Amino acid sequence: MSSVRTPDPTPGWLNEDDLREARRRLPMVYIQAVPVQLDPLGCVTDVGLLLQPNANGTLERALVSGRVLYRETIRAALLRHLEKDLGPLAMPQLPPSTVPFSVTEYFPHPSETGFTDDRQHAVALNYVVAVRGDFSPRADALQLSWLTPEEALSPDVQAEFAGGRGRLVEQALAHVGWGR
């Protein structure tokens with residue numbers, strides 16, 4: 001099966017065969033970021049969602065996400081994936097603390113968490129990150145859409161996420177006080 005993902009120019013510590021074997025045996029650590037734009041008072045006005053093809057060739061919504069590499073800090077992984085997914089001029093404002101708003105467990109089969117990833121058992125640290133630059137999504141993302149929080153939470157948009165990931169947008173917005 002061919003991959004629709006952009007090759008990582010700095011693949012880290014495992015080649016594709018070793019990564020496949022590790023995913024079969026170990027939970028992988030990921031970061032996920034919900035990019036947002038803020039008004040002058042610091043309130044969320046827009047949520048950035050990627051649109052990309054999945055392994056089957058159908059389109060789905062996605063968040064900024066990726067593995068934490070061996071000997072890489074959480075902060076460095078966040079910055080690397082934000083720049084890779086949104087472009088080098090996205091100007092992310094990393095949160096002052098690396099404490100995530102939530103931790104998500106993904107399993108390769110349905111489980112009590114409601115989050116799935118066919119490839120692996122993964123643990124994801126989730127962050128809301130304000131961005132304010134120019135955006136050019138990576139090659140495997142067809143577009144970056146800026147939606148209002150209401151639009152991002154609409155049933156139509158939520159149905160475009162796979163593996164339960166749409167719930168993370170709801171959790172992220174609740175974490176920053178949207179909708180109160």
Side-chain angles (χ1 to χ4, degrees), residues 3-6 8 10 12 19 22-23 26-38 44 46-55 59-70 72-87 90-108 110-131 135 137-147 149 152-153 157-178:
S3 174
V4 296
R5 301 205 180 277
T6 302
D8 191 345
T10 54
L19 177 59
R23 282 178 167 155
L26 303 166
M28 303 300 289
V29 178
Y30 278 73
I31 59 90
Q32 295 182 129
V34 179
V36 297
Q37 293 182 325
L38 307 174
V44 173
D46 297 287
V47 179
L49 302 178
L50 297 166
L51 185 65
Q52 63 188 32
N54 63 18
L59 297 179
E60 63 187 28
R61 292 284 177 188
L63 301 172
V64 171
S65 71
R67 283 183 291 132
V68 176
L69 300 177
Y70 180 70
E72 181 178 43
T73 66
I74 299 299
R75 189 171 299 284
L78 267 171
L79 184 60
R80 180 171 59 85
H81 288 294
L82 285 158
E83 288 179 348
K84 185 175 80 170
D85 286 1
L86 303 180
M91 294 177 51
Q93 297 172 289
L94 295 182
S97 170
T98 57
V99 175
F101 73 82
S102 72
V103 176
T104 306
E105 288 183 279
Y106 289 92
F107 291 93
S111 73
E112 62 274 3
T113 71
F115 293 96
T116 59
D117 183 331
D118 294 340
R119 303 168 300 163
Q120 64 195 333
H121 175 194
V123 176
L125 308 174
N126 305 302
Y127 300 88
V128 176
V129 179
V131 293
F135 308 101
R138 65 184 181 172
D140 61 335
L142 301 176
Q143 72 180 39
L144 170 66
S145 301
W146 288 102
L147 305 175
L153 295 175
V157 171
Q158 289 291 302
E160 295 175 353
F161 284 97
R165 288 167 181 84
R167 287 195 350 227
L168 290 174
V169 175
E170 181 180 343
Q171 292 173 1
L173 290 170
H175 175 72
V176 297
W178 186 87

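Just the heavy atoms: all of them, side chains too, but no hydrogens, waters or symmetry mates, feed the values below. Computed from a predicted structure; not experimentally measured.
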Least distance between heavy atoms, [X] atom then [Y] atom:
{"X": "V131", "Y": "P35", "answer": "CG2-CB, 4.2 Å"}
{"X": "W178", "Y": "P149", "answer": "CE2-CB, 3.2 Å"}
{"X": "Q32", "Y": "A124", "answer": "NE2-CB, 3.5 Å"}
{"X": "Q143", "Y": "S145", "answer": "NE2-OG, 2.7 Å"}
{"X": "A172", "Y": "V34", "answer": "CB-CG2, 3.8 Å"}

Partner residues of T73 under the side-chain contact (heavy atoms from CB on, under 4.5 Å) criterion, sequence neighbours left out: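 Only R75, A76 meet the side-chain contact (heavy atoms from CB on, under 4.5 Å) criterion with T73.
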
Could you work out, with side-chain contact (heavy atoms from CB on, under 4.5 Å) as the rule, every residue matching L59, not counting sequence neighbours?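 Residues passing side-chain contact (heavy atoms from CB on, under 4.5 Å) with L59: L51, P53, L142.
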
Can you tell me how far apart [atom1] ([X]) and [atom2] ([Y]) are? Round to the nearest 0.5 Å.
{"X": "E60", "Y": "L49", "atom1": "CD", "atom2": "CG", "value": "12.5 Å"}
{"X": "F135", "Y": "D85", "atom1": "CZ", "atom2": "CG", "value": "12.5 Å"}
{"X": "Y30", "Y": "H81", "atom1": "OH", "atom2": "NE2", "value": "8.5 Å"}
{"X": "I74", "Y": "L79", "atom1": "CD1", "atom2": "CG", "value": "13.0 Å"}
{"X": "L78", "Y": "E72", "atom1": "CG", "atom2": "CD", "value": "9.0 Å"}
{"X": "L147", "Y": "Q37", "atom1": "CG", "atom2": "CD", "value": "11.0 Å"}

Output yes when a side-chain donor or acceptor of E105 lies under 3.5 Å from a complementary backbone atom of A122, and no otherwise.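 Such a contact is absent between E105 side chain and A122 backbone.
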
Using a 4.5 Å cut-off on heavy atoms from C-beta on, say whether the side chain of [Y] contacts that of [X].
{"X": "V47", "Y": "L153", "answer": "no"}
{"X": "I31", "Y": "V68", "answer": "yes"}
{"X": "V169", "Y": "Q158", "answer": "yes"}
{"X": "F115", "Y": "R167", "answer": "yes"}

side-chain hydrogen bond (donor to acceptor under 3.5 Å, both in side chains) partners of [X], counting only residues at least two apart:
{"X": "E170", "value": "none"}
{"X": "Y127", "value": "none"}
{"X": "E160", "value": "R61"}

Name the atoms and distances for all side-chain donor-acceptor pairs under 3.5 Å in residues 92-102, with sequence neighbours left out.
| from | atom 1 | to | atom 2 | distance (Å) |
| --- | --- | --- | --- | --- |
| S97 | OG | V99 | N | 3.0 |
| S102 | OG | N126 | ND2 | 2.9 |
| S102 | OG | Q171 | OE1 | 3.4 |

